[in-house]
J.: 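One structure, pasted below without further comment.
Lettering of chains follows the sequences in order, A, B, ..., and the numbering in each one begins at 1.
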Number of protein chains: 2
Amino acid sequence: MSPRGRPRAFDREGALTKAMYVFWARGYEGASLADLTAAMGINPPSLYAAFGGKEALFREAVKHYCAVYGGFTERALREQPTARAAVEAVLRDNARDYVDPAHPSGCMVVLAATNCTPANQGVHDHLRALRRETQESITRRLREGVEDGELPEDTDVEALGGFFTTVLNGLSVQARDGATLPELTASIDVALVAWPAGARE
Amino acid sequence: MSPRGRPRAFDREGALTKAMYVFWARGYEGASLADLTAAMGINPPSLYAAFGGKEALFREAVKHYCAVYGGFTERALREQPTARAAVEAVLRDNARDYVDPAHPSGCMVVLAATNCTPANQGVHDHLRALRRETQESITRRLREGVEDGELPEDTDVEALGGFFTTVLNGLSVQARDGATLPELTASIDVALVAWPAGARE
DNA sequence: CCCTTTCTTTAGCGGTCGCTACAATAAAAG
DNA sequence: CTTTTATTGTAGCGACCGCTAAAGAAAGGG
């Protein structure tokens with residue numbers, strides 16, 4: 001049951017990973033098709049046939065990024081026993097990854113399209129929506145923490161969620177600027193001092 | 001004592017301000033010469049004669065930005081009576097400005113060149129150096145606070161300065177994503193909870 | 001074998017990029 | 001006035017952008 005026609009000569013997922021790294025390092029507009037095809041080891045028509053174009057490739061690369069690297073954010077929020085442990089794990093796990101020399105620094109969702117030409121507004125909006133989802137996930141976990149009695153009843157979960165998201169986004173900028181893991185960790189240690197006092201549990 | 005030759009027909013500083021807004025909104029690489037000349041109301045040769053080129057214009061626009069908008073950071077650190085008041089003023093003043101509808105949102109130094117092609121590495125490095133200077137200024141002010149007895153002797157000023165810089169950078173991302181001033185203010189309120197306890201004064 | 005289908009490479013499309021040669025223009029200097 | 005100096009608008013440079021037409025190449029179906 002092989003497909004008809006000539007089989008693809010390259011590994012699609014491997015090429016997608018290479019493209020992800022290029023977008024991650026240079027941003028959407030900073031990554032040219034020449035950069036992408038060189039990294040993927042293919043020619044433009046192969047890219048177009050397999051992925052549809054630059055923007056479609058980017059969106060798929062972002063999806064792949066979220067599946068691989070956005071995973072521990074969702075996992076931490078879901079699996080950690082307390083809201084406090086969840087938020088702490090989100091910050092520390094992401095910070096550790098932001099400086100992993102195995103790939104570009106910082107978060108691709110934060111850094112790949114911070115400024116865009118009007119022609120690529122859609123790309124910017126797409127990543128902004130993903131950032132908003134992260135903030136909502138964190139805020140939702142905090143709300144559960146209030147309901148579970150881990151946090152005071154009068155906790156402003158919106159403010160707290162906005163704060164930790166702000167820190168998370170700031171860590172990406174710091175990582176891209178060359179901050180080391182101990183430096184990021186030190187910032188996280190300070191940030192967690194702001195965790196509300198008066199927990200019941 | 002007028003200069004020789006034909007006088008310039010446009011206001012140089014006004015054109016520089018217009019260029020700053022374009023760079024601020026679209027980033028260095030996202031701002032084309034056509035965008036810039038259209039906003040400045042001049043033709044490319046006038047831009048080149050008056051400013052030297054795109055990168056030189058950008059650097060001058062950044063300098064102008066720092067003079068106008070970076071001003072209250074330096075002023076707050078210099079004029080506020082305590083380290084605590086200084087850092088709080090830096091955060092609140094900048095946040096208020098990040099969402100000022102009179103100009104693009106967020107901080108130009110943070111957002112205008114977060115990702116660059118290798119050809120424009122110099123622009124990226126220039127802004128990174130400015131961000132580092134901000135962090136060092138904040139950290140220096142914290143160290144003075146320790147020396148003045150406002151902060152505990154064992155305060156990790158590097159960690160605290162890194163934390164507030166992380167928050168400051170994160171606020172730019174949040175502002176660019178459409179966060180309102182109350183939302184940014186709420187994050188700042190939380191961040192200041194992390195201020196070390198045990199001050200003498 | 002040939003035909004169909006799909007991927008491959010080559011080559012290049014129209015458009016935009018940052019930048020500049022050139023000639024016309026407008027001022028001061030003599 | 002003429003000469004000198006500098007800015008102006010026009011018009012277009014070579015290079016690169018994302019993308020694709022065209023033809024060759026590699027598979028299955030007959």
Side-chain angles (χ1 to χ4, degrees), chain A residues 1-16 18-19 22-23 25-61 112-113 115-124 126, chain B residues 1-16 18-19 22-23 25-61 112-113 115-124 126:
Chain A
M1 273 306 172
S2 297
R4 293 288 296 270
R6 177 175 177 172
R8 189 181 287 121
F10 64 95
D11 173 29
R12 190 181 188 279
E13 193 164 352
L16 178 61
K18 294 294 183 64
V22 176
F23 281 129
R26 305 192 180 182
Y28 176 70
E29 295 186 332
S32 70
L33 275 205
D35 295 330
L36 292 164
T37 53
M40 300 164 85
I42 61 177
N43 296 111
S46 295
L47 186 154
Y48 204 80
F51 298 100
K54 187 185 179 183
E55 179 167 348
L57 173 62
F58 178 75
R59 288 175 184 269
E60 198 163 339
N115 37 32
C116 261
T117 58
N120 295 314
Q121 186 75 30
V123 172
H124 177 262
H126 179 55
Chain B
M1 276 306 172
S2 298
R4 293 287 295 266
R6 178 174 177 173
R8 210 197 317 275
F10 64 96
D11 173 30
R12 190 180 188 279
E13 193 164 351
L16 179 61
K18 296 294 182 66
V22 176
F23 281 128
R26 305 192 179 181
Y28 176 70
E29 295 185 332
S32 71
L33 275 204
D35 296 330
L36 292 164
T37 53
M40 299 165 85
I42 60 178
N43 295 111
S46 296
L47 188 154
Y48 204 81
F51 298 100
K54 187 185 179 184
E55 179 167 345
L57 173 62
F58 178 75
R59 289 175 183 267
E60 198 163 341
N115 37 32
C116 262
T117 57
N120 296 313
Q121 186 77 29
V123 172
H124 178 263
H126 178 55

J.: Measure the spacing between NE2 of His126(A) and CG of Asn120(A) and express it to the nearest 0.5 Å.
T.: 13.0 Å
J.: Any non-hydrogen side-chain atom of Leu57(B) less than 4.5 Å from a side-chain atom of Leu16(B)?
T.: yes
J.: Drop me the distance from Asn115(A)'s CG to Asn115(B)'s CG, to the nearest 0.5 angstrom.
T.: 6.0 Å
J.: In whole Å, I'd like the distance from the CZ atom of Arg6(B) to the P atom of dA26(C).
T.: 6 Å
J.: Counting only non-hydrogen atoms, which of residues 39-48 of chain A are less than 4.0 Å from DNA chain D?
T.: Pro44(A), Pro45(A), Tyr48(A)
J.: Check the side chains of Asn43(B) and Ser46(B) for a donor-acceptor pair under 3.5 angstrom, ignoring hydrogens and angles.
T.: no
J.: What are the 5'-most and 3'-most nucleotides of DNA chain D lying under 4.0 Å from any heavy atom of chain A?
T.: dC17(D) to dA27(D)
J.: If you draw the axis of the six-membered ring of Tyr28(A), does the NZ or CZ of Lys54(A) fall within 45° of it and under 6.0 Å from the ring centre?
T.: yes
J.: Minimum heavy-atom separation for Gly122(A) and Arg59(A), please, with both atom names.
T.: O-NH2, 3.6 Å
J.: Can you pull every protein N or O that's under 3.5 Å from an N or O on nucleotides 15-17 of chain C?
T.:
unit_1  : atom_1 : unit_2   : atom_2 : d
dC17(C) : OP1    : Ser32(B) : OG     : 3.3

J.: Please check: side-chain N/O of Asp35(B) versus main-chain N/O of Ser32(B), any donor-acceptor pairing under 3.5 Å?
T.: yes
J.: How many Å lie between CZ on Arg8(A) and C1' on dT5(C), as a whole number?
T.: 14 Å
J.: Over all strands shown, is Ala9(B) touching base, sugar-phosphate only, or nothing at heavy-atom distances under 4.0 angstrom?
T.: sugar-phosphate
J.: Looking at the side chain of Arg4(B), which of dA24(C), dA28(C), dC7(C) is the nearest nucleotide?
T.: dA28(C)
J.: Output yes when Glu29(A) and Arg26(B) qualify as a salt bridge under the 4.0 Å nitrogen-oxygen rule, no when they do not.
T.: no
J.: For the CZ atom of Phe51(B) and the CG atom of Leu36(B), what is their distance to the nearest 0.5 Å?
T.: 10.0 Å
J.: NE2/His124(B) to OG1/Thr117(B) distance, rounded to the nearest 0.5 angstrom?
T.: 11.0 Å
J.: By nearest heavy atom, map Pro7(B) and Tyr28(B) onto DNA chain C; which one lands nearer the 5' end?
T.: Tyr28(B)
J.: Could you give the distance from CZ (Arg12(B)) to CD (Glu60(B)), rounded to the nearest 0.5 Å?
T.: 4.0 Å
